[in-house]
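Have a look at the structure below before the remarks.
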Protein chains: 2
Amino acid sequence: MDPVEVPLPASRPLRADARRNREALLSAARQAFLGGDTDAHVEDIARSAGVAVGTLYRHFETREALIEEVYRKEVDDLCAAPAELLAQHPPEEALRRFLLLLVEHAAVGKGMSVVLESIMATDSPVFDEARARMADALSRLLEAGAAAGTVRGDVTGPTLLRALGGICGMRATEGWLTEARQITALLFDGLRHGAAGAA
Amino acid sequence: MDPVEVPLPASRPLRADARRNREALLSAARQAFLGGDTDAHVEDIARSAGVAVGTLYRHFETREALIEEVYRKEVDDLCAAPAELLAQHPPEEALRRFLLLLVEHAAVGKGMSVVLESIMATDSPVFDEARARMADALSRLLEAGAAAGTVRGDVTGPTLLRALGGICGMRATEGWLTEARQITALLFDGLRHGAAGAA
DNA sequence: CACATAAGCGGAGTCCGACTCACCTTATGG
DNA sequence: CCATAAGGTGAGTCGGACTCCGCTTATGTG
């Protein structure tokens, strides 16, 4: 009777205005979330994107889904970094820089630290991909370091990811950044401690 | 006209039934939160304590306030541990054991990890006291270790607290405990690395 | 023991914010 | 230029935290 719904809803070209609105929503949400306002109201986000709530819900299943989308994009940027760092520095230094990069990134706003924390501390399947990619990025750094003999070999990407999650999960308060850098240095020392070349 | 409200609302003896109900509410909330159900409904908590919501709100300003109260009590237990450990073990070992104790404690349920995370990652003034006490506990361990020359002296209690917050903030998933132990060991190695006695 | 009275309690009702739905608007391909 | 389906709208629903006020009861005084 109905001519078999094509099970390929993935790649429908998406009408021009729809694309614009989707973009505007993501941008508005990004502004809200990455700024401090982690519990911005959907109504406000929709309004500041110049659309109605109905439109927002046409594009994103739930409020959460919208947040996740915003956050996922941020993580993409971070995941690009390791490759670049490895190309320009010895593995140990690349690792050190990436750890600090995460910290600085988390420092730009309460929102971003929530992103990273969500990636690392939630078991939401939505973040599985981001988590996996980030863990992968770390693994590459660790392996390069282990191969060079400057980093211990018994710590895996996922494990380090967890440890970092905590640091990024801190909410920015007075002196936060200093502490975060110190903890990172601590972890880094721990990572070098068991290296083949060290004690 | 009104005979000057005594500004000592702190120590009003509290009627017997009220005391009972307050206890019952805390107990019910504890059961709910420390078990997995971190977003238990106030209505349900009240019901399972055998009272109405009104009563709940007589005792606790908001839902949050109730949660915080429950969590604060849990932390009290933990803060008692360092003194005992220091009495029975050399400082370095006491420190190691306390770190692991935190991990095990966080492992008993999703709820408890939320407690610890809240203590460490929020700047809510409500947790100020708990945070301070925990930081103090860690400081004592670190100082004892530094005095004995087995732990580096440039890390403070509050800083280590932050680092641990992350570990406890992880939500229990398959293999979580193993990772947490590994990260703790990593931190511990980092702490010993810069010690006077070491390299 | 009886009573006064203030502490305490109940639970229907308010408020507010996420989400839905029935109808209107408009891009687009023929 | 029209048909038509994708897209947009926003008043309305729903659910959950919190309030309010009249009723209940512990408690201490004569």
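- Qualifying salt bridge (Lys or Arg N to Asp or Glu O under 4.0 Å) partners for B:Arg58, counting only residues two or more places apart in sequence or in other chains: none.
- For the pair B:Arg192 and B:Asp189, the salt-bridge criterion is met [side-chain N within less than 4.0 Å of a carboxylate O].
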Which atom pairs link the protein and nucleotides 27-29 of chain C when you take only N or O atoms and keep those under 3.5 Å?
| residue | atom | partner | partner atom | Å |
| --- | --- | --- | --- | --- |
| C:dA27 | O4' | A:Arg15 | NE | 3.4 |
| C:dT28 | OP1 | A:Ala16 | N | 3.2 |

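- Residues A:Tyr57 and A:Ile67 share a single hydrophobic cluster, defined by chaining ILVMFWY side chains whose heavy atoms lie under 4.5 Å apart.
- With a 4.5 Å cut-off on side-chain heavy atoms, B:Leu191 and B:Leu142 count as touching.
- Phosphate contact (OP1/OP2 of C:dG10, side-chain N/O of B:Thr55, threshold under 4.0 Å): present.
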Quick one, give me the B/S/- string for nucleotides 15-23 of chain C, reading 5' to 3', where B means a protein heavy atom under 4.0 Å from the base and S means that only happens at the primed atoms, P, OP1 or OP2.
--SSBB---

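- The shortest distance between the side-chain N/O atoms of A:His59 and the OP1/OP2 oxygens of D:dG8 is below 4.0 Å.
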The test is side chain to side chain contact (heavy atoms under 4.5 Å, CB included); show your working for A:Asp39 and A:Arg63 and say whether it passes.
CA-CA 10 Å; A:Asp39 36 50; A:Arg63 193 189 111 101; 4.2 Å; yes

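- As rounded to whole Å, 17 Å separates atom P of C:dA7 from atom CZ of B:Arg22.
- For the pair A:Tyr71/A:Asp76, no side-chain contact is recorded, criterion being any heavy-atom separation below 4.5 Å from C-beta on.
- A salt bridge links B:Arg47 with B:Asp44: the closest approach of a Lys/Arg side-chain nitrogen to an acidic carboxylate oxygen falls below 4.0 angstrom.
- Rounded to whole Å, the distance from CG on B:Leu66 to P on D:dG16 is 17 Å.
- Contact check on A:Glu93 versus A:Arg97 returns a salt bridge, with a Lys/Arg side-chain nitrogen under 4.0 Å from an Asp/Glu carboxylate oxygen.
- Within the structure, a side-chain polar atom (N or O) of A:Asn21 is placed less than 4.0 Å from OP1 or OP2 of D:dG8.
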